[in-house]
Structures are given as C-alpha cells and as structure tokens.
**Q** 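I have a structure I would like to understand better, so I am pasting it below and will then ask my questions one at a time.
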Amino acid sequence: MTIDELQALIKAFVDERGIGTSVEHRILDLHAEAGELAKEALKNMDYGKSQFDSSKKFEKEFSDVLFSLVCLANQTGIDIEKNIKEALVEYDIKFKDHKHIGSLNKK
C-alpha cells in the first residue's frame, strides 16, 4: 500500500463512520496516542532495565499513532508522501553537512 492509498483508506473510514472532528481534537488525540506508545515502550523495556523488543501491544499503539497522524494530515490537507519526500531531501542535506539529521544524533 502506498502512502497515498493509506491516506485515502483512512479518509474513507472516517467519512463513512462520520467520526470527523476538529483539528484541535486530532492534535490532542495524537498526543494521547503518542503517550500510550511511549508508555508501552517503557513497559516493554521494564523502564530501562532491558533492551527494547517489539510486542503486539507496542505495534497496536504504533498503529493508533499512525491513524491519528494520518487523520490530522487528511483534515489539514497535508499530502504526506509529498512532504516526506521533501523532508528526506532536507535530511540528506543535514546529514551531508553535519553527519546527523537531528539533535538526537549530535556528538
């Protein structure tokens, strides 16, 4: 499935069920789902005592985050595929210039 197909699938799902909502609600929902994903990652690693090992619960929470993010993109008219391609170009420039793409990879 392409990203465009994923966006269309989720849009149809939301539209068919009449579960559209405000942008503000989508942003809050995305934060809530990201928090649940983080909590599951922490539990998965016994709060830092062991290495991360994916689980069905983590995958479910990841899917919830992705669903919320795609809903937000759809509602705000963001073409995810186009924007990801543009971001990759920017990341490539950052990597070539600094050998990292963000603050987490700085040495």
**Q** Can you tell me how far CG of D64 sits from CG of L69, rounded to the nearest 0.5 angstrom?
**A**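 Atom-to-atom, L69:CG and D64:CG are 12.5 Å apart.
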**Q** So does K82 get a backbone contact from the side chain of D79, meaning a donor-acceptor N/O pair under 3.5 Å?
**A**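 Yes, D79 side chain to K82 backbone: donor-acceptor pair under 3.5 Å.
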**Q** Could you tell me which non-hydrogen atom of I78 sits nearest to which non-hydrogen atom of Q7, and how far apart they are?
**A**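 Between these two residues, the closest heavy atoms are O-NE2, 3.0 Å.
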**Q** How many angstroms lie between CD1 in I27 and OG1 in T21, if you round to the nearest 0.5 Å?
**A**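 One finds 11.0 Å between CD1 of I27 and OG1 of T21.
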**Q** Establish whether L42 and V65 are linked, either directly or via other cluster members, by ILVMFWY side-chain heavy-atom contacts under 4.5 Å.
**A**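 No, L42 does not connect to V65 through the hydrophobic network.
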**Q** Between E40 and K43, does at least one N-O distance fall below 4.0 Å, as a salt bridge requires?
**A**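 K43 and E40: salt-bridged.
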**Q** Quick one: CD on E81 to CD on E86, what's the gap to the nearest 0.5 Å?
**A**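 Reported to 0.5 Å precision, the distance equals 11.5 Å.
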**Q** Test E59 against S54 for side-chain contact (heavy atoms from CB on, under 4.5 Å), laying out the working first.
**A** CA-CA 7 Å; E59 291 175 11; S54 192; 3.7 Å; yes
**Q** When rounded to the nearest 0.5 angstrom, what distance separates CD in E24 from CG in L72?
**A**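 Between E24 CD and L72 CG, I get 10.0 Å after rounding to 0.5 Å.
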**Q** For the side chain of E90 and the backbone of A87, is there at least one donor-acceptor N/O pair under 3.5 Å apart?
**A**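 Side chain of E90 to backbone of A87, a donor-acceptor pair under 3.5 Å: no, none is there.
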**Q** Any chain of hydrophobic side-chain contacts (each under 4.5 Å) joining L88 to I80?
**A**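 L88 and I80: one cluster.
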**Q** Membership question, hydrophobic clusters at under 4.5 Å side-chain separation (ILVMFWY): are L28 and L37 in the same one?
**A**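 No: no chain of side-chain contacts under 4.5 Å links L37 to L28.
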**Q** If Ile, Leu, Val, Met, Phe, Trp and Tyr residues are connected whenever their side-chain heavy atoms lie under 4.5 Å apart, and connections chain through other members, are M1 and V70 in the same group?
**A**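 Same hydrophobic cluster.
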**Q** Could you check whether atom CZ of F62 has more than 12 heavy atoms from other residues, nucleotides or ligands sitting under 6.0 Å from it?
**A**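 Atom CZ in F62 is not packed in, count stays at 12 or less.
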**Q** Looking at every non-hydrogen atom in both residues, tell me the closest pair between S50 and N44 and how far apart they are.
**A**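 Nearest heavy atoms, S50 then N44: OG-O, 3.9 Å.
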**Q** Does Y91 have more than 12 heavy atoms from other residues, nucleotides or ligands lying within 6.0 Å of its OH?
**A**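 For Y91, atom OH is not crowded (no more than 12 foreign heavy atoms under 6.0 Å).
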**Q** So which atom in I19 and which in R26 form the shortest heavy-atom distance, rounded to 0.1 Å?
**A**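 Looking at all heavy atoms of both residues, the shortest contact is O-NH2, 2.9 Å.
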**Q** Measuring only between side-chain heavy atoms, which start at C-beta, is L30 closer than 4.5 Å to F67?
**A**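 Not touching, per the 4.5 Å side-chain cut-off.
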**Q** Hey, what do you get for OG (S22) to CD (Q75), rounding to the nearest 0.5 Å?
**A**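 That separation rounds to 6.5 Å.
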**Q** Quick check: closest heavy atoms across E61 and E33, and the distance to 0.1 Å?
**A**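 Taking E61 first and E33 second, the nearest heavy atoms are OE1-OE1, 3.8 Å.
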**Q** About how many Å separate NZ of K11 and CD of E16, when rounded to the nearest 0.5 Å?
**A**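 E16 atom CD to K11 atom NZ measures 10.0 Å (nearest 0.5 Å).
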